[in-house]
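Counting starts at 1 for both ligands and their atoms, following the listed order. Positions are given from 1, in the same order as the sequence printed here.
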Amino acid sequence: EYMKYKDPKQPINTRIKDLIGRMTLAEKIGQMTQIERQVASADVMKKYFIGSILSGGGSVPAPQASPSIWVSMVNEFQKGALSTRLGIPMIYGIDAVHGNNNVYNATLFPHNVGLGATRDPDLIKRIGEATALEVRATGIQYTFAPCIAVCRDPRWGRCYESYSEDHTVVQQMTDIILGLQGEIPVNHTKGVPYVAGKDKVAACAKHFVGDGGTHNGINENNTIIDEHGLLSIHMPPYYDSIIKGVATIMVSYSSLNGVKMHANHDLGFVISDWLGIDRITSPPGENYTYSVQAGINAGIDMVMVPYNYTDYIDDLTSLVHKGIVNMNRIDDAVRRILRVKFTMGLFENPLADLSFADQLGKKEHRELAREAVRKSLVLLKNGNPPNQQFLPLPKKARRILVAGSHASNLGYQCGGWSIQWMGSSGDITTGTTILDAIKSTVADSTPVVYSENPDESFMKHNDFSFAIVVVGEPPYSETVGDSTDLTILDPGPDTIRTVCSAVKCVVVIVSGRPVVIEPYVPLMEALVAAWLPGTEGQGVADVLFGDYGFTGKLPRTWFKSVDQLPMNVGDPHYDPLYPFGFGLAINSS
Ligand SMILES: OC[C@@H]1[C@@H](O)[C@H](O)[C@@H](O)c2nc(-c3ccccc3)cn21
């Protein structure tokens, strides 16, 4: 039987109207429900008309699962959704926030703070394109990215997910949306969601609004700010995202002047964060029915439940029956969700295949990531008086020492949201460590010695031309990353002192944000901020040894002491170690 909503030749509004007119309340509420893959199955999809599934951080079908295992899993769930009365396809979301980072062998790009240092929106767009392909390689059609937080205090555990403390840099970087979702056709209405097709994914601007402005950078805390501050600092990237057709917006856990954003009225479809509505109450979940009522009535369209979906469905159903949640609100939410699904062609292509499998971690993407690493490096010091330049380093030397906790640790250079939710140490996936990059860059005749944390006798009994010391922060995510002291991981400071007092050294900092470095600067010849470069460490060696120049500019103020925080460019009392926008240049040799 012909049904208008199944006809791709029909205008989207006609398809939405026809479909929503056929839907029962249960089918509508199902669309507003997103569950975690661990509680999903084809049967659950069919029985509850579930509209969306997600992988939470680190949630994979199997360790080191191949694209075909991912595709089979996603398709299994999709078949469940398609077997419902109306056959509305589900959409699968994942945090592909620096490449498809939960997936083994994916290209992991530099985290957003490093991309902010590049000041290169075109590069970021290309990263979006590559990321879309690597997400589609796993059969997934939706990513919870970009995070467009404007981090105003580096003590925030998610500051590395923010492109910059300056909203204009963040606004520039929303071009990643055009890469992820596709360029907007000239005839497309601005502000309406747009996703080009099978090689693109729906994106998600997050976390609305003011997530980067919480008190003392405390995660999920309260952003105390006047209207002008909100609209001039935290809101502008949302305008750019919406104009660029972003398909969804995720609400922040944080509060705005005391009001929980998940319960705050006034936007593609709006999705909650994980247990986001539960946290409307203190303690979380204390009154779930109220959480559902407040969240949905505040304009959340889809709830990332993610586990107790029957409670959510039952509560919302009874709230509608009692007239506490109006059916108009339900229809508004479902229309927004259906618009994204129709726009992106999900009804025409609901099932994935392996045609993108070879995109995962492919050479061209790794080369793109390597380019991004090169452009993200910021040179903060180069040589001591009388001002001879220390960098670029010579590829031919008598003997080179590489030291430091972060020199030979792929997990450390990738940071959080890498294979595991909070990242982890060691060989977490395929990639190139900074040590391996150095070894493959120097002349064959030049010996490279690696010692993670050499002692004084080692330094005394060995003769090196110079040393490269790579230190910084361990991986972290969200609240676990909140810090009040912002020190580098021990024994980093000792390694700097021991090595750099014995031989000329360049220190490379691998961190998600500015860290305490001021006391050690006099000890070193040169200082490089590398942020969280991801899998392609070769980009670091490319620039250290002069194959490419230093072009990166600080996307954040580098403080002298944490006692100064919060301190951002434009503040009246601005006394940084290195100011926002700072970066020494070296032309490539
Ligand atoms: O991974 C899905 C979303 C992600 O997109 C958001 O940016 C992030 O705030 C987030 N935190 C959790 C999460 C928090 C606590 C426990 C378990 C999971 C889940 N998520």
Using the six-membered ring of Y253, assess whether NZ or CZ of R279 lies under 6.0 Å from its centre and within 45 degrees of the ring axis. yes
So is there a nitrogen or oxygen of R158 less than 3.5 Å from a nitrogen or oxygen in ligand 1? yes
Side chain to side chain donor-acceptor pair (under 3.5 Å) pairs, two or more places apart, involving residues 67-78: S66-S68
Heavy-atom pair of closest approach, residues G56 and W274: CA-CZ3, 3.7 Å
Name the orientation class of the two ring planes belonging to Y238 and F208 (parallel below 30°, tilted from 30 to 60°, perpendicular beyond 60°). perpendicular
So which bit of E36 gets within less than 4.0 Å of ligand 1, heavy atoms only: side chain, backbone, both or neither? neither
What protein heavy atom is closest to atom 14 (C) of ligand 1, reported as residue, atom name and distance in Å? Y253 OH, 3.5 Å
For L532 and G512, the nearest pair of non-hydrogen atoms, with its separation, is CD1-CA, 3.8 Å
May I ask you to list the atoms of ligand 1 that are less than 4.0 angstrom from any heavy atom of R279? 15 (C)
Report yes if some N/O of D95 lies less than 3.5 Å from some N/O of ligand 1; otherwise report no. yes
Can you tell me which residue and heavy atom of the protein come closest to atom 17 (C) of ligand 1, and the distance to 0.1 Å? W274 NE1, 3.3 Å
What about E478: any of its N or O atoms under 3.5 Å from an N or O on ligand 1? yes
Would you say D273 and ligand 1 have an N/O pair spaced under 3.5 Å apart? yes
Decide if atom OH of Y104 counts as having more than 12 heavy atoms of other residues, nucleotides or ligands within a radius under 6.0 Å. yes
Any idea which atoms of ligand 1 are less than 4.0 Å away from a heavy-atom of K206? 4 (C), 5 (O), 6 (C), 7 (O)
For atom 16 (C) of ligand 1, which of the options W421, W417, F144 provides the nearest non-hydrogen atom? W421
When you measure from atom 7 (O) of ligand 1 to each heavy atom in Q34, E161, H207, which option holds the nearest one? H207
Check the orientation of Y288 and Y312. Use parallel for under 30°, tilted for 30 to 60°, and perpendicular for over 60°. perpendicular
Residue pairs involving residues 477-487 (criterion salt bridge (charged side-chain N to carboxylate O under 4.0 Å, His left out); sequence neighbours excluded): R158-E478
